[in-house]
K.L.:
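Provided herewith is a single structure, encoded as structure tokens, for subsequent inquiry.
Basis for what follows: all heavy atoms, side chains included, without hydrogens, waters or symmetry-related copies. Within every chain, numbering begins at 1; the chains are lettered A, B, ... in the order of the sequence lines, protein sequences first and strands thereafter. This one's a predicted model, so the numbers in the text were calculated from it and none came from an experiment.
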Amino acid sequence: MDLDNVAIATEIGKLADLLEFSGANSFKIRAYRNGARVIKDFPDSFTTMVHNDPSKITAIQGIGKGVAEKITQLIELDNIAEIDELLEVIPVSVLDLLRIPGLGPKKAAALYQTLSIQTLDQLQAACEDGQVQELKGFAAKTEQSILDGIAIAAAANSRIRWASADKLAQTLLEHLRACPAVERIELAGSYRRGRETVGDLDLLVISTKPADVMDCFAEFPEWEQTLVRGDTKMSIRVLNSFQVDLRVVQQESFGAAWQYFTGSKDHNVAVRGHAKQLGMKVNEYGVFKVDGDEEIQVAGATEQEVYEVLGLPHFAAEMREAREEFQWAEQGALPELIELSEIQGDLHMHTTATDGKATIAEMVAAARERGLQYIAITDHSQRVSIARGLTAERVVQQWEEVDRFNETIEDDFRVLKGIECDILEAGGMDLPDEVLALADWVIASVHFGQKQSREQITDRIVGALENPHVKIIAHPTGRLINRREAYQVDMDAVFQAAQDNRKMLELNANPARLDLHDVHCAAARKREIPLVISSDAHSVAGLDVMQYGIVQARRGGLTAANVANTQPWEKIQQWFTS
DNA sequence: GCCGTTTTCGGCCCGACTGTTTTCAGTCG
């Protein structure tokens, strides 16, 4: 069966969950978990590798004989035998129990084995009956915290988009900076790594008065509940049950703590393993030389020195995912990640001609304010009737307007004649070729027929890439984060078609899209397909989402050289014909 | 189960906090 890497990783992860529940060796479980992560993050299709070159699979760091065998089974036989065997003795619903905060595999297994609890409903009933507190290792407090946790587990999808987390983060910073005991405050965790969704916020504070800082933390206006509070560590829930963790450290440990709390967990495991080989130990207080029983601190105040004493480069936070960063470091080939200031133009935006809120002149003025040197006006084509998409006649009129506008410009700023042209359900473009031929910049995108089969959608997109006038595919997978899954599409085929036809792909910077996602960005980079990071702005303010696209691009390991709109427009044009 | 310029066997990151415990297991990040 043709499965994408995410689907394969999900199955391997499920195997890890089931093994953990059944009390298997913890290192074996970790190996499967690690394998699942490696699969999910890998830029090439495992299905393709199984079909064409299975020996490549075990060459991948973290994938050995065991995981490779499970992958092959899954693709060739549609299922993994060991999962089926485990499911004969463990009902799949018990895995829901693990979603309750504070309830891990040991306690969940105890509940299943002694009280035959299989579902959240049964667990709730048992708690309310007072049965749970009778069990060994459980007591009244545990029972209550399980009851509280069930309510939280029910409120699924607690990860919020990065841009939303950013808003909350800024208000938290503002609140805590007003606290006199706070000497310095920084954000860490997946927020700092720029993950597209964030499950909690991690705050790190330098202070000699942790208790004062924590008191202040509890006074945050959106505070709902304090989960834990110790001497240096405190967790609260804020509005909508979102969790925020706070850690207070001393100046001399700040770098080590920041490194530690930024993660990712897997990145840190690798860093610590590396330190161990050098006879050193890393924890959140510093780096220590281990000499018998003696430990001498050799770094800790800054992140730079933490990495430096370990012989490692100061990795950008966005690349700390235990993906390729250690290989890059070893080869001295750490990419210099793209910065927002390197963007020279924005090649996807809408105006009042369709569903935008601003005119061409207003978009130009706003783009200039943001330091851009060119923009493309790319309104919708006629198929998007709800947005009053442009007919051939109207788009030609708009382009004449753009020509006239360009004549009024006295410097080098340039407005490009563009169109976001729909790829029709039956295949083919929404405007005739002779019209598209008049444009500077033709974006092709799928808006309708997103429920079609993988073959149909893939054919439509590949067909668009073969059209000589199309330059780029917008939001290539159609996903909306936390709202709509990507449509079924064979990205390997899309990448191949982009390469074969010398076309580009978009990284749509809208925080709800971020499409392509980081792993696809890395895949495009590897295949040397240029990406264009675009705002897809529907208003003046919409231009500012470019920053979110940059974060995602950095997570994909992209440099300015991988992103076409870091170049002047002339260079982009030349690329298509060179 | 994975991995290897100290290892093909014997390791596998490290500490805070909680609750149920009389010194520690489980969970979390």
K.L.:
For a quick test of reading the model: is some side-chain N or O of A:N283 closer than 4.0 Å to OP1 or OP2 of B:dG15?
P.N.:
yes
K.L.:
Distance check, C1' atoms only: B:dC12 and B:dT18, in whole angstrom units.
P.N.:
27 Å
K.L.:
Could you walk me through whether A:E174 and A:Q170 pass side-chain hydrogen bond (donor to acceptor under 3.5 Å, both in side chains), step by step?
P.N.:
CA-CA 6 Å; A:E174 197 182 333; A:Q170 300 312 321; over 6 Å; no
K.L.:
Is there a side-chain contact between A:L111 and A:L135, using heavy atoms and a 4.5 Å cut-off?
P.N.:
yes
K.L.:
If I pick the C1' atom on B:dC28 and the same atom on B:dT22, what distance separates them, to the nearest angstrom?
P.N.:
24 Å
K.L.:
Could you please name the option among B:dT20, B:dT27, B:dC17 that lies closest to any side-chain atom of A:V228?
P.N.:
B:dC17
K.L.:
Does A:R30 place a side-chain N or O at less than 4.0 Å from the phosphate oxygens OP1/OP2 of B:dC13?
P.N.:
yes
K.L.:
Could a donor-acceptor pair under 3.5 angstrom be found where the side chain of A:Y260 meets the base of B:dG15?
P.N.:
no
K.L.:
Over all strands shown, is A:A140 touching base, sugar-phosphate only, or nothing at heavy-atom distances under 4.0 angstrom?
P.N.:
sugar-phosphate
K.L.:
Report the residue (A:E82 or A:F261) whose heavy-atom-nearest nucleotide on DNA chain B is the more 5′ of the two.
P.N.:
A:E82
K.L.:
Could you tell me whether A:K107 contacts a base, only the sugar-phosphate backbone, or nothing, with contacts defined as non-hydrogen atoms closer than 4.0 Å?
P.N.:
sugar-phosphate
K.L.:
Would one find a side-chain N or O of A:T58 under 4.0 angstrom from OP1 or OP2 of B:dC2?
P.N.:
no
K.L.:
Could you give the distance separating B:dC14 and B:dC9 at their C1' atoms, to the nearest angstrom?
P.N.:
24 Å
K.L.:
Over all strands shown, is A:V67 touching base, sugar-phosphate only, or nothing at heavy-atom distances under 4.0 angstrom?
P.N.:
sugar-phosphate
K.L.:
If the C1' atom of B:dG1 is compared with that of B:dT8, how far apart are they to the nearest Å?
P.N.:
15 Å
K.L.:
Between B:dG1, B:dT27, B:dC17, spot the one nearest the side chain of A:F27, thanks.
P.N.:
B:dG1
K.L.:
Report, as yes or no, whether the 6.0 Å neighbourhood of atom CD on A:Q251 holds more than 12 heavy atoms from other residues, nucleotides or ligands.
P.N.:
no
K.L.:
Are there more than 12 heavy atoms of other residues, nucleotides or ligands under 6.0 Å from atom CD of A:E308?
P.N.:
no
K.L.:
If B:dT8 has a Watson-Crick or G-U wobble mate with both distances under 3.5 Å, name it; if not, just say none.
P.N.:
none
K.L.:
Measure the distance from NZ on A:K28 to C1' on B:dC2 and round it to the nearest whole Å.
P.N.:
13 Å
K.L.:
Treating A:D84 as the side-chain partner and A:A81 as the backbone partner, does any N or O pair qualify as donor plus acceptor under 3.5 Å?
P.N.:
no
K.L.:
Pick the C1' atom in B:dG29 and in B:dC13, then give their distance to the nearest Å.
P.N.:
12 Å
K.L.:
Can you tell me which nucleotide in B:dC14, B:dA16, B:dC3 comes closest to the side chain of A:Q61?
P.N.:
B:dC3
K.L.:
I would like to know whether A:E325 and A:H267 meet side-chain hydrogen bond (donor to acceptor under 3.5 Å, both in side chains); could you show each step before the answer?
P.N.:
CA-CA 9 Å; A:E325 70 269 27; A:H267 175 87; 2.7 Å; yes
K.L.:
Counting only side-chain N and O atoms of A:S145, is one of them less than 4.0 Å from OP1 or OP2 of B:dT18?
P.N.:
no
K.L.:
Is any side-chain N or O of A:K281 closer than 4.0 Å to OP1 or OP2 of B:dG15?
P.N.:
yes
K.L.:
Applying a 4.0 Å non-hydrogen cut-off, can you work out what A:D231 is touching in the nucleic acid: base, sugar-phosphate, or nothing?
P.N.:
sugar-phosphate
K.L.:
Please compare A:L103 and A:I29 by the position of their nearest nucleotide in DNA chain B and report the one closer to 5'.
P.N.:
A:I29
K.L.:
Check the phosphate of B:dC14 against A:K276, side-chain N and O only, distance under 4.0 Å to OP1 or OP2. Yes or no?
P.N.:
yes
K.L.:
Using the P atom as the reference point in each nucleotide, state the distance between B:dG11 and B:dA16 in Å, no decimals.
P.N.:
25 Å
